[in-house]
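First up is the structure itself, then whatever we jot down about it.
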Amino acid sequence: MPELAEVEFYRKRWALAATGQRITRVALNEGKRPVRHIDVSAARDALTGEKLVSSEAAAKQMLFRFGKDASLGVHLGMTGELFVAAPDFAPGKHDHLVLFTRRHALVFRDPRMFGRIEFHRSKETPPWWSRIAPAVLSAAFTREAVAAFLRRRSRSPIKAVLLMQERFPGIGNWMADEILWRSAVHPARRAGSLSATEATTLWRQCRTVARQALAAIAGRGNALPADLNVGIPRSWLFLHRWSDGGRCPRTGALLRRATIGGRTSCWSPARQKLP
DNA sequence: GTGCTTGTTGGCCA
DNA sequence: GTGGCCAACAAGCA
């Protein structure tokens with residue numbers, strides 16, 4: 001599930017509960033895939049007793065800063081989530097990281113374990129954070145940059161290209177399908193086959209979908225919706241794409257699903273046509 | 001049991 | 001060297 005807007009939703013859960021709070025205890029699921037590449041005792045020592053100072057989300061990743069120089073990175077992978085529980089929370093087998101404060105337990109749960117925790121101790125920004133490409137909503141995400149990228153990946157299906165984090169950070173499977181549906185571009189089109197007008201539409205829809213998804217899923221300011229997806233309008237492809245028999249909100253026609261670019265893709269044949 | 005899965009990476013091949 | 005494709009990772013669910 002976690003793409004850019006869901007990631008921001010989860011970041012806010014921890015941030016609203018615990019920013020400024022001191023970490024009293026750290027539980028790490030040692031040896032399991034999400035944490036096995038980090039020095040868990042160093043992370044535990046560095047974080048215990050420090051306050052959560054600030055946090056950010058970028059693309060599909062989060063950065064939580066503690067005390068003077070410690071930071072944790074979180075990537076939720078396919079099935080990761082963050083939530084807040086009571087301070088007597090007992091971690092289960094899929095709870096790979098739990099930060100306890102006096103009032104809360106901050107839990108990272110990931111059954112499928114494609115997620116990843118990073119730990120970094122330095123005043124410098126961690127390399128895995130600074131390597132993230134410029135956000136879709138930043139000024140650096142220009143029409144020209146998108147057009148140039150489509151030329152470079154001209155023989156790949158446009159669906160696969162939208163999933164490339166080096167140019168479309170934070171966009172995942174459902175956002176890519178939403179963007180293509182709104183742009184009226186079939187997911188199997190070769191990236192190089194889009195006209196200049198279509199490429200511009202695609203670029204604009206990347207920004208629109210990112211902005212609207214953030215507002216609908218992660219809320220505005222300090223507001224946080226009760227759950228993911230409660231704020232998503234019926235007019236989006238999103239709510240119709242998963243189940244058999246789903247219909248296009250714009251044409252009413254049956255949606256189609258197939259594997260394109262290695263991933264399950266959903267489109268509306270009435271709107272999105274192959275040449 | 002089978003066949004899926006909202007992500008990323010590394011290896012193979014053209 | 002570059003671009004494109006796909007298996008692997010691991011576990012749960014229908």
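All heavy atoms count here, side chains included; hydrogens, waters and symmetry mates do not.
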Using a 6.0 Å distance limit plus a 45 degree cone around the ring axis, check whether Arg182(A) lies over the aromatic ring of Trp236(A).
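Pair Arg182(A)/Trp236(A) counts as cation-pi.
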
Going through the distances and angles, do Arg121(A) and Asp69(A) end up as a salt bridge (charged side-chain N to carboxylate O under 4.0 Å, His left out)?
CA-CA 6 Å; Arg121(A) 185 148 206 198; Asp69(A) 62 0; 3.3 Å; yes

Rounded to the nearest angstrom, tell me the gap between atom [atom1] in [X] and atom [atom2] in [N].
X         : N      : atom1 : atom2 : answer
Leu162(A) : dT8(B) : CG    : P     : 14 Å
Arg112(A) : dG7(B) : CZ    : P     : 10 Å
Gln61(A)  : dT9(B) : CD    : P     : 9 Å
Trp128(A) : dT9(B) : CH2   : P     : 14 Å
Met164(A) : dT8(B) : CE    : C1'   : 12 Å
Ile171(A) : dT8(B) : CD1   : P     : 12 Å
Arg257(A) : dG3(B) : CZ    : P     : 18 Å
Asn173(A) : dG7(B) : CG    : P     : 6 Å

Side chains of Asn222(A) and Lys12(A): do they bring a donor and an acceptor to under 3.5 Å?
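Absent: no donor and acceptor within the cut-off.
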
Atom [atom1] of [X] and atom [atom2] of [Y]: how far apart are they, to the nearest 0.5 Å?
X        : Y         : atom1 : atom2 : value
Glu8(A)  : Glu3(A)   : CD    : CD    : 14.5 Å
Thr24(A) : Arg103(A) : OG1   : CZ    : 12.0 Å
Gln61(A) : Arg131(A) : CD    : CZ    : 9.0 Å
His75(A) : Lys60(A)  : NE2   : NZ    : 6.5 Å

When Watson-Crick pairs (N1 to N3 and N6-O4 or O6-N4) and G-U wobble pairs (N1-O2 and O6-N3) count only below 3.5 Å on both distances, what is the dot-bracket string of DNA chain C, with | for other-strand pairs?
.||||||||.||||

Are [X] and [Y] linked, directly or through other ILVMFWY residues, by side chains that come within less than 4.5 angstrom of each other?
X         : Y        : answer
Tyr10(A)  : Val98(A) : no
Trp128(A) : Val74(A) : no
Phe100(A) : Leu72(A) : no
Ile38(A)  : Leu82(A) : yes

Just to be sure I understand the rule, does [X] reach a base, reach only the sugar-phosphate, or reach nothing, if contact means heavy atoms closer than 4.0 Å?
X         : answer
Pro34(A)  : nothing
Gly262(A) : nothing
Arg33(A)  : base
Arg151(A) : nothing

Going by side-chain hydrogen bond (donor to acceptor under 3.5 Å, both in side chains), name the residues that satisfy it together with Asn29(A), two or more places apart in sequence or in a different chain.
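Here the qualifying residues are His96(A).
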
All N/O contacts under 3.5 Å from nucleotides 12-14 of chain B to the protein, with atom names and distances to one decimal?
none

Out of Lys159(A), Arg263(A), Arg257(A), which one pairs with Asp177(A) under the side-chain hydrogen bond (donor to acceptor under 3.5 Å, both in side chains) rule?
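For Asp177(A), the side-chain hydrogen bond (donor to acceptor under 3.5 Å, both in side chains) check succeeds only for Lys159(A).
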
For dG7(B), does either OP1 or OP2 sit under 4.0 Å from a side-chain N or O belonging to His75(A)?
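For dG7(B), OP1/OP2 do not have a side-chain N/O of His75(A) under 4.0 Å.
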
Strictly below 4.0 Å: does Gln165(A) bring a side-chain N or O up to OP1 or OP2 of dT8(B)?
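Answer is yes, contact under 4.0 Å.
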
With the threshold set at under 4.0 Å for non-hydrogen atoms, list the residues of residues 182-191 of chain A touching DNA chain B in residue-number order.
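The answer is none.
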
Test of understanding: with side chain to side chain contact (heavy atoms under 4.5 Å, CB included), list the residues that count as partners of Ala215(A), not counting sequence neighbours.
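Checked Ala215(A) against side chain to side chain contact (heavy atoms under 4.5 Å, CB included); matches are Arg220(A).
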
Students should find this one: the first and last nucleotides of DNA chain C, 5' to 3', lying under 4.0 Å from a heavy atom of chain A. What are they?
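For DNA chain C, the relevant span reads dG3(C) to dG12(C).
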
